[in-house]
Structure formats: structure tokens, C-alpha cells
**Student:** 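Below is a structure I'd like to ask you about.
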Amino acid sequence: MLQLAADNLLSPIVLSFVLGLFAALARSDLSVPEAAAKALSLYLLFAIGFKGGVAVSDHGIDAKLGAALLAGVVLSFALPLVAFGYLRAISGMNRTDAAAVAGHYGSISIVTFVAGSSVLSDAGIVAEGYMVAVAAAMEAPAILSALWLVSRGSAGGQRMNAELWHEILLNGSIVLLLGSFAIGWITGAEGLAKIESFIVSPFQGVLCIFLLDMGLIAGRGLREGSKVLDAGAIGFGLTMPLAGAAAGLGMGLLLGLSTGGVMLLMVLSASASYIAVPAAMRVALPEANPSIYLTLSLAVTFPFNLTVGIPLYLAAAQWATGG
Amino acid sequence: MLQLAADNLLSPIVLSFVLGLFAALARSDLSVPEAAAKALSLYLLFAIGFKGGVAVSDHGIDAKLGAALLAGVVLSFALPLVAFGYLRAISGMNRTDAAAVAGHYGSISIVTFVAGSSVLSDAGIVAEGYMVAVAAAMEAPAILSALWLVSRGSAGGQRMNAELWHEILLNGSIVLLLGSFAIGWITGAEGLAKIESFIVSPFQGVLCIFLLDMGLIAGRGLREGSKVLDAGAIGFGLTMPLAGAAAGLGMGLLLGLSTGGVMLLMVLSASASYIAVPAAMRVALPEANPSIYLTLSLAVTFPFNLTVGIPLYLAAAQWATGG
Amino acid sequence: MLQLAADNLLSPIVLSFVLGLFAALARSDLSVPEAAAKALSLYLLFAIGFKGGVAVSDHGIDAKLGAALLAGVVLSFALPLVAFGYLRAISGMNRTDAAAVAGHYGSISIVTFVAGSSVLSDAGIVAEGYMVAVAAAMEAPAILSALWLVSRGSAGGQRMNAELWHEILLNGSIVLLLGSFAIGWITGAEGLAKIESFIVSPFQGVLCIFLLDMGLIAGRGLREGSKVLDAGAIGFGLTMPLAGAAAGLGMGLLLGLSTGGVMLLMVLSASASYIAVPAAMRVALPEANPSIYLTLSLAVTFPFNLTVGIPLYLAAAQWATGG
Amino acid sequence: MQTHKAKRVEITIEKIMERRLTEALQSADVTGYSVLPVRGGSGRSGSWSREGQISRGSGMVQVICIIRPDRLDALLEAAFEVVESHIGVVTVTDCEVLRAERF
Amino acid sequence: MQTHKAKRVEITIEKIMERRLTEALQSADVTGYSVLPVRGGSGRSGSWSREGQISRGSGMVQVICIIRPDRLDALLEAAFEVVESHIGVVTVTDCEVLRAERF
Amino acid sequence: MQTHKAKRVEITIEKIMERRLTEALQSADVTGYSVLPVRGGSGRSGSWSREGQISRGSGMVQVICIIRPDRLDALLEAAFEVVESHIGVVTVTDCEVLRAERF
Ligand SMILES: Nc1ncnc2c1ncn2[C@@H]1O[C@H](COP(=O)(O)O)[C@@H](O)[C@H]1O
Ligand SMILES: Nc1ncnc2c1ncn2[C@@H]1O[C@H](COP(=O)(O)O)[C@@H](O)[C@H]1O
Ligand SMILES: Nc1ncnc2c1ncn2[C@@H]1O[C@H](COP(=O)(O)O)[C@@H](O)[C@H]1O
Ligand code: NA
Ligand code: NA
Ligand code: NA
């Protein structure tokens, strides 16, 4: 366990993140161009989706797929309610900001998922390929919970209109993730053989550069956003992932997922969105302060999960599944 | 043949294109940054040119090179005349637009060429390395034919001035394609060994992302441009490639090219430009409607060639050469 | 030696540079998007730093590291003084411009360093991994020398303020180079194994595209800037590298570096900055003409080193160390 | 040369609202506009930059419409409805245009 | 601060015509201009966006020239010749500049 | 719609000076600005383009501030101090804004 934590902390991936964080905090002008960052994220989504699809095509479709998707949706709906209550109790945040933050914690961060998968495969543990689809399923429901939280009793329903629905369900990340999952599933091992040296071999290296960029953004966020967070909010950002992971653990055991699957469900539940949910909040809840939710998600919870959370969740999943 | 078609349709490359098409038609906000798309196209041009050059350096220069280049130039000059007559007969398009479209079909699409090469190498068929140079030679002549078609009898000659000549002959894609062809030729197998894991191994994977982007653009084009195309024009976009391929087949047999070479000449003749010719038309024929020629080339003919055309041309080339 | 020179001239890397140069001089519109160029440079810095760090972790830290760093700093301080005197004697350049140029020649060009390392590894020669750190140490001191040269006697000290210090010492390239060096050092061979197929295998290929871009920029620079350079200045750009290399050779022998180490110190001393120093000069010495120093550094000295210099320095280092 | 009076309206708005704005403009029969990227900025809600961003929720764009003066009010009303509850800046400048028949 | 009257000319033109325009400006002795990227837009010939494009024939840029009022006509004539047969928008705005000696 | 008079200040300045400028603006209590990328241009010191550049020392950006007319002078003085010894262009245009309470 300690060994695992140390290995994780001293992996090129985590150290690249730390380097970015340091550079931003030291006000270096190091930066990744926006177009390059987006290209990296397209690559990661394509690769992780494709590999998930190939895994499903290899091991056949599991009877648990439907149940796992449902479990993901339930977690995504429910976690914001927990988060909201916890946040209002522990910090002085107003209802609107707290609801917006809560929505982020019900949804997921795909980079955290990628980092978790990468630790898993380093450890030689195989997980259900369809966890990628579970990740996609967990993106949106939390947004509804957040909007419901903000408008309980009042006429908040109109915050969700057809256009916003469309944007959320067909946002680029989801479409690419599920699309490449389908492609991987259809083309299987043969398809993988063709593009393996693109999506498998260089994967960890690309992830390093991506995490360097995440570190830069998190560091900039900390510099800009630290003034808007009180101690309670920061405490929330460091402990809510544990609550999420616990829920994910319970759900994973209930479903009878493999060790790797349980661990990934914990990672998903513990992680907080920083792509889909912030965009939805800007449209539907513009009065919530983006500095608060972006800083918490990107600069507090993401680093926590990356450094401490992931090895912890793996250890817990191994202990609980006896795997 | 059917197997070949099915294999092609279910390859990661074609499915990536379909994913992009779907995402754009479903109005997802999935998009590839312009800088990333350009970088991908630089990569593909560099890789395909370099590999062609290495092939020439490996197998020695073929006596047929000169004849093949000439054949390409002749096809590029002649096909627009066929296309123009066909288009005027089958659709209600005006002279200017029809001439502009015709120019696109005489010229070539390098991605279609790349996709064709990739199907060839999957099938283990080797083609003449200098087909890359033939591709470059076929880019420009069709532009002259198009301008001639538009200004027959009138003083249209002045549409081509020295500056436009310069732009067409030294456009970035041609320079990079021929330049990397030369580099591959000069450095040969030894040069290839140094950069193989950059330009060979990840090639198909990069092509997937590039085709995802092509699908996105084609889909956006369809949404914008479908209203400007009548049934005749769409019919043209789906059948003109067959006429082009037939011409390429005849020419390839005449030249005595290998099975792979014949197939690539068919692909080149069947494909329609969407980089060099549109740019030249905006300068020299601004009164032609770009929606028409871009939509036809990118959203009708390109998908047709990618999905149905390429396996068809390969089967025909194999049948005709007995290869 | 001649063989070495010919091999170098006909390597894909050098030919890619030549292709870019040709394209720019022929006014082709070939271009690499800014975001892609920056992404490539991030990749090269990350890879070269990381590999340097791994080398240090493999071979243990050398007692000479401290001395080598100091030697680098001394060279960077001293070379501008030589360059300034030489330039004022040989060309009609004014004091300010001459000082600005001199600063560039004391500092270093990391791409030249990368190209040198790549020739070394092709030749199977291993160099001290910490030469990467020496490169970083040589970036900044020359800037101080340049500003001192310009303001001797006058109150020029105020040109350097805390903000500029901060910018120079924490500029993105230095932070990334030293940061990835540290990551490579910490994670060692195990870390390298994880990301090898990202930072080692495709390295030379990426370098080709990067040098294509450098050729394009150098060519554009030549077209714009050739009018501002007199024959003396051009002569300086072609001979100052030899003076720098000689100083590097002497220093390298004094330190007892390996053949590879001596050669890299020569390359560093011979190369002229085109990232860090131009930026510093625009801030602290805006009255100096950027066309002069950018053209000299990028379009005269860089091509000289890339084509003629590097094989020469290698031959000299082998001769002098008997390696 | 012959020029004609027109209004230049520049609307700086969140990228995520861009499509809503341009659709509102189209509904108000504004037929021409151009969209310029914005790299960063600062305002009451803090400062931001696009560098390295993958988030779709941050960043702004600048939408520029040149219109005939008599069409200004319709445009502003359409724009205001979208901008109202969001951050963003709307400016109107007098200008002269060539080829007025285009507007 | 001391400012001086000048004209701000903004020409939105197809990227492929950019070099022709700037060369025409230079022939008309316009010595300074800046070129801004345009991400997308809409007009009578439909709407467009640069996203994912590799084509050299689509997309526009915005060329901005600040000039002395007395030089305006020469500039507009030079610009008009290039823009005439192409799509594109030209606007002229009155402005004040610092450091007028530069123009 | 109700609009209010304001000034639109556009400062084209070297990218390397951007942070110095925005810090000067903040010291002068200018609370809002946007930064637009510039792709290339030409002036007395020659022409330039950002294409393929990795250098941090070249290239320019355009900083746009909308301010209340009475705050113009403070802004110009702050900007001038940064721009003074560097290349760059400062223009001021009269404009109207919606939601004046924001400025
Ligand atoms: N006065 C202004 N001038 C120019 N841009 C502004 C101004 N105020 C705000 N902006 C832009 O609008 C964004 C949001 O402003 P705000 O709502 O004040 O936070 C800022 O980050 C700037 O990009
Ligand atoms: N009124 C306008 N205001 C701003 N930009 C415009 C306007 N009209 C056209 N444009 C730009 O010019 C391009 C071509 O316009 P058009 O020739 O009308 O198709 C459009 O796609 C816009 O980018
Ligand atoms: N009159 C002008 N109008 C617009 N931009 C200008 C003007 N003069 C200079 N610039 C911009 O400022 C940069 C430096 O100008 P200069 O100091 O004249 O070399 C140019 O490259 C242009 O990007
Ligand atoms: Na979560
Ligand atoms: Na063709
Ligand atoms: Na040097």
C-alpha cells in the first residue's frame, strides 16, 4: 500500500503534473497551446474508448453491463445530493454555488479515469472494458440534480431546455468516447492491431504532456481562485472524493465487478467534472461563480485523486474484493 | 470482393470517418482544432511522400515513371472536360459552377490516395513508389481546364496570372509531398530506419483521427450545402468517380503498371480535390459558388470513394491485371 | 570526416530543414501552425530533458557536474565579450545592435543541441546526461553580458529589473527542460520504460518536422532580414560559431569530459539563442533591431551549425579526446 | 471613394453562448457577422486565458456585425436577450462602409 | 494625453486574398497594418467556421490599418480593387491615436 | 435600446509586453479588458507572421478596453508608459455601450 502510493507519486505521470503545477505557481510562462491541449484530449478519449471497446469485444459482453450503467446513473444522480448537504454544512457557500459544485462531484473527470486505468494496467490488473461506457453514462445526470437543487420549489425546470439537453448529451467528449468505444467493439483485436502503435505504445507519454498541461491549469486556477475558497470548501474538495469512492465501492461490490472494475467505479465516483458540467453551468446557472467550482474540481480534487486517491482506491478495491 | 468491401467498411479508418459524419449531422460540438487538423495533414503528406521516395530508392527508378507522370497530366487535363459535359447534361448547374466542379474532379484528393494506399498495404500489395509523384502531377492541370471551360472564346486567359501560377505550383501540399518524396529517395532505407517509428507504425492511427475530422467537415458541409445540390448534381458526385476510375484503369493498363499502381491511378482519377482546386477557384473564379464544389467533393464523392470506391477499384485492378 | 559530413548532410533531419528553407525562399505557402510548432518544441524539450535525467540516474552523478555547470556559466558570460569585439571589428554594426547580437552567441540554441545529440547517438557515442543541465545553465548569463556591454559606464543597470530576472530564469523552456530532467532522474530506467515509445522511438521523426518548420522560419527570415546584414555580419555569423566551438573544446578538455560531452559543449558554445535571448532583448533593449539578431542567429548560424558545424565539432572532439 | 453610414456592433460573449447569440441574430434578420477569437481577458469575474484549456465552459469570442443604422435596434434587442443574464460586453460604433448594398 | 485624429480601416477578406491585399496596400504606401484571425462567420454566401479545416480556400482574416485621414482615399482605392470581385467587408471608423508621428 | 457613451481603446503591443501592460492597466484601476490574437502585420520595423513561430520575442496582441469617458486619461497614461519605448499602436474610438453600470 505505501509502496503503491510511493510508486504512484514518483511515476512520470504524476511528476509531470507536479511540474506543471510548480511552473504555474512560480509564474513561469510555460504553456501548452490550446489547440495542442485539445488535440491531446481527443487522443486520450479516442484511445481509452477504443481500448474499452476492444476489451468488450475480446471478453464478450457481460451480463452486468446494463446493471453497471444503471449503477453509474444512480450514483451520478445521488452524489450531488450528498455533496450539497455536506458542502452547506461544512462551508459558508451560498445555495447556488453549492448546487453548482455538487453537480461537478456527481459527474466524472475522464482524465482521472485515464490515470486510474493506467495505474491498473501498470499493476497488471484487467478491468471490465465497458467501464468506459459507465463513465459516459455518469457525465450528465448530475447536472439535473444540481439544477433541481437550485430550484427546489421554484420554477427552475425551465433552466433545462431542449437545446441544453442536446448539448449535454451530444457534447464532443461523450460522442468521441462512445463512438471510439463502438469502433473498438466492432473492429476488435484486428482493428487494435492496426492502430496499436498509435493508441497503446505512446499512450503513457502523451498522458505525461497532458498532465503537465493539467498541472499548469490547476496552478493558474489556484493562483486566481484560492481567494474564493474558504477552509470548509477546501476540506470538502479533499474529503468528498472519499465519500464518492465509498459509494462507488459499495455499488461495485453489489454489482460483483472485478477488482479493476470496482476500483474504476470508485475513481469515477470520487472524481469531479471539469469539462461537461462547467459548460452546462455557464449556460443554465450563470449566476454561480465559476472560479469556485473550477478551482475546487481542478485544483483541489483532481490533484488529490491523482496523487493520493487512486492508489488508495486500488488498495481498497483489492482488499474488498480479495483481488 | 464482398469480403473486401465489408472489411473496408468495418476498418477503424472508415468507422472513424462515419463517427465524425454522425457527430456533425447530430450537431454535436465535437471538433478538431484547425491547427491540429493542419498538423495531421502535414504528417500524412510527409509520411506518404517519404515512403514513396524510399520505395523508389529501393526498387530503382522505373522506365515507366516519365510515362506515368505524363499519363497523370493528361488525365488531369482531360477529365474536367468529361465531367463538365456530364454535369451539364445531368444537372441544372450553370456554366461557371459546372466548370469549377469539373476542375475538382480532374484534380486529386491526397487523403483518398492515402486511404487507398493503406488498403493496399493491408492487402500486402506493393505499388510503384512514384505514384506519389503522379499524384502531385495531377493536382494542377485540371485547374487550367476548368478556367478554359469557363472562358472559351472570351478573354478568360487573364484569369491565370503569374501569381496564381506560382501559388498553384508551389502550394504547400505539393511542395511537402514532392519534397519528402525527394528526401525519402535520397536517404532510402537507411533514412527510413531512422524515422520508421514515426512515419510508419503510428500512420494508420493518425489517419483515423484525420478521417474523424474529415467526417466532421463533410457532415457540416452536408448540413450547410445540401440545399445547393439538386439530384442531378448528387448523381454526378456518385458516378463521376466511376468514370474517372475507368479512365485511370485504362491508362494504368496501357502503361503496364502493377496491380497496386493501376489501383492507385484509378483512385487518383476517381477522387476530387478539396484543397488545391478550391483555393485556386476562389482566386480565379470567385463568382462560382464554393458551397457547390466543396459539398460535392467533400461530402459526396469523398465518402463514396472511401467506403465503396476503394475496394471496388482494387477488385477491378486485380481482375484486369490478373494480380 | 568527409563521410561524416556527407552522412549528416544527407540525413532526413538536415534535408527536412533544407526543404523548409527552399519552400520559404520559393515563397511557397507551406507552413506549420504556430500551435503545432510550439507543441513540437514542448515534445523535444520534454524528451531531451527526460533522457538526460535518465542517463544521470543510470550512470550515477558525476563529480564533474558542478564543474561543468560552472564552465557553462563562464562560457555564457564570456563569449558575448568576444563576440562583441569581433563583430564591431568586422562589421559596421552599431553598439546596441552588436551587444544584442553578442548576447545571442553567448547563450544557446536547444535545437542545435538536440540535433547534435541525435548525431551522437547515431554514431553510438554516449555523452554525460547532465549536459542538458549545462545547456539550461548557459541560457541566461549571456543576457547580462549583453546588457552590460550596452550600458558600460552609463546607468544601464536598471535595464534588468526583478520582473525580467524572473522571466528569464523561469522561462518556459528552462522550466520544462530542467523539470523533465528532474523527472527522468527521479524515475530512472523504470520511468523511461513506461514512456520510451513516446519520447525515444518517434524522436527523430518529430525532429524532422520541427526542422522543416525551422527551415521555413529561417527562409522567411532570410527574405525579410537579408537586407539588414552586411557582409561583415554574415561573416561573423559563419565564423563566430567556430570561435565558440573552440572555447567549448578547450573547456571540455579542461573538465575531462567524454568525447560526447566535449562535442556537446562545443555545440552549445557554437550555437546562438533564438528563443530566450530575443525575448529578453525586446524587453530590455527594445532599441536594438530584432531583424538583425534573429536573422543572424536563425538564418545564418543555425543552418551553418546544423550542416557543417556539428560534424566538424564531432570530428574535432574525437580527435582531441582520442575517442 | 463613396462610402455609406453604418453601425459596427461588437459583442464579446462567452464561447458557450456563441451559437445562441448567432441564432438570435439570425432570427432578428441580421444576415452577416464575423466571429473573432479572444485569447484572454479580465473583468469583474476575474481574469482568464485560453492557454492550455480544454474546458468548453470558459473563454469568450467577439462577434462583429456591420449593419445599416435603421436595423440597429432590432439587433441590440436580439443580442440583449442572450447577453442579459450572462457576462459580456456590447459596443456600438459609427462607421462608414464600402459597397453598402451588401448590408 | 495628446491624441490626433486618424482613421481606422478594417477589411474582412478571404484568407486566400490576404497577400494580394497587403501587397496592394504596400503599393499604395500604406506602411502599417495588422492581421487578425477570424474564426467563423456568416453572410450571404452561407456560414463557415475554421474548426478542423485544412482547406486553403476557405476562411477569412481581418486586416486593420490605422492611417492619417488624408491618406484614406488612396487606401480605399487600393483595397477596393482587390475586394471588388470577392466577398469581404470594409469599414472606416474615426479614431484618435497616440504618437501620431508614427503614421 | 438605452445605450451610454463610452470609449473603446485598442492597444496593439508586443506579446512579450502584454503582462506589463495589463498590470499597468490594473494599477490604473482599469478593471476590464480583452486580449485578441494578432496573426501578423507590417510596420516600420518590417513585416512578421506568427506561423510556425516558437519564439517568445516576436508577435503582437491587441488589448481592448471599454471604459467610461472620464477614465480615459488615466488609462492612456498608464498605457503610454509601457508602450513608450516599444513598438505598438494605441487608438481611441467613441462608442456606445449597453449595460453601462458594468464599466
Ligand atoms: N471593459 C471591458 N473592456 C473589454 N473587455 C471587457 C471589459 N469588461 C469585461 N470584458 C471582457 O468580458 C469578460 C467578462 O467580464 P466580467 O463579466 O466583467 O467578468 C472579461 O474577462 C473580458 O474578457
Ligand atoms: N454585415 C457583416 N458584418 C460582419 N461580417 C460580415 C458581414 N457580412 C459578411 N461578413 C463576413 O464576410 C463573410 C462573407 O460574407 P458574404 O459575402 O455576405 O457571404 C461572412 O461569412 C462574414 O464572415
Ligand atoms: N498603421 C498601423 N495600423 C495597424 N497596425 C499597425 C500600424 N503600424 C504598425 N502596426 C502594427 O504594429 C507592428 C509594429 O509596427 P512598427 O513599430 O511600425 O514596426 C506592425 O507589425 C503591425 O502589426
Ligand atoms: Na464523481
Ligand atoms: Na480526379
Ligand atoms: Na553559444
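Chain identifiers are assigned alphabetically (A, B, ...) following the order of the sequence lines, protein sequences preceding nucleic acid strands; residue numbering begins at 1 within each chain.
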**Student:** Using heavy-atom distances under 4.5 Å, tell me whether E/Q62 contacts chain F through its side chain, its backbone, both, or neither.
**Tutor:** neither
**Student:** Closest approach of F/P37 and E/P37, non-hydrogen atoms and distance?
**Tutor:** O-CD, 3.4 Å
**Student:** Would you please go through residues 4-19 of chain F and name the residues with a non-hydrogen atom below 4.5 Å from one of chain E, in numerical order?
**Tutor:** F/E10, F/T12
**Student:** Can you say whether E/L36 sits under 4.5 Å from chain F via the side chain, the backbone, both, or neither, judging by heavy atoms?
**Tutor:** both
**Student:** Checking heavy atoms, do the side chain of E/T31, its backbone, both or neither come under 4.5 Å from chain F?
**Tutor:** backbone
**Student:** Could you tell me which portion of E/I64 (side chain, backbone, both or neither) has an atom closer than 4.5 angstrom to a non-hydrogen atom of chain F?
**Tutor:** side chain
**Student:** Is E/V30 close to chain F through its backbone or its side chain, or both, or neither, when contacts mean heavy atoms under 4.5 Å?
**Tutor:** neither
**Student:** Where along residues 38-52 of chain F does a heavy atom come under 4.5 Å of chain E, listed by residue number?
**Tutor:** F/V38, F/R39, F/G40, F/G41, F/S42, F/G43, F/R44
**Student:** To the nearest 0.5 angstrom, please state how far the CE atom of E/M1 sits from the CG atom of F/L75.
**Tutor:** 11.0 Å
**Student:** With sequence neighbours left out, write down each residue that passes salt bridge (Lys or Arg N to Asp or Glu O under 4.0 Å) with E/R20, or none if nothing qualifies.
**Tutor:** B/E167
**Student:** Under 4.5 Å, heavy atom to heavy atom, which residues of residues 78-94 of chain F contact chain E?
**Tutor:** F/F80, F/V83, F/E84, F/H86, F/I87, F/G88, F/V89, F/V90, F/T91, F/V92, F/T93
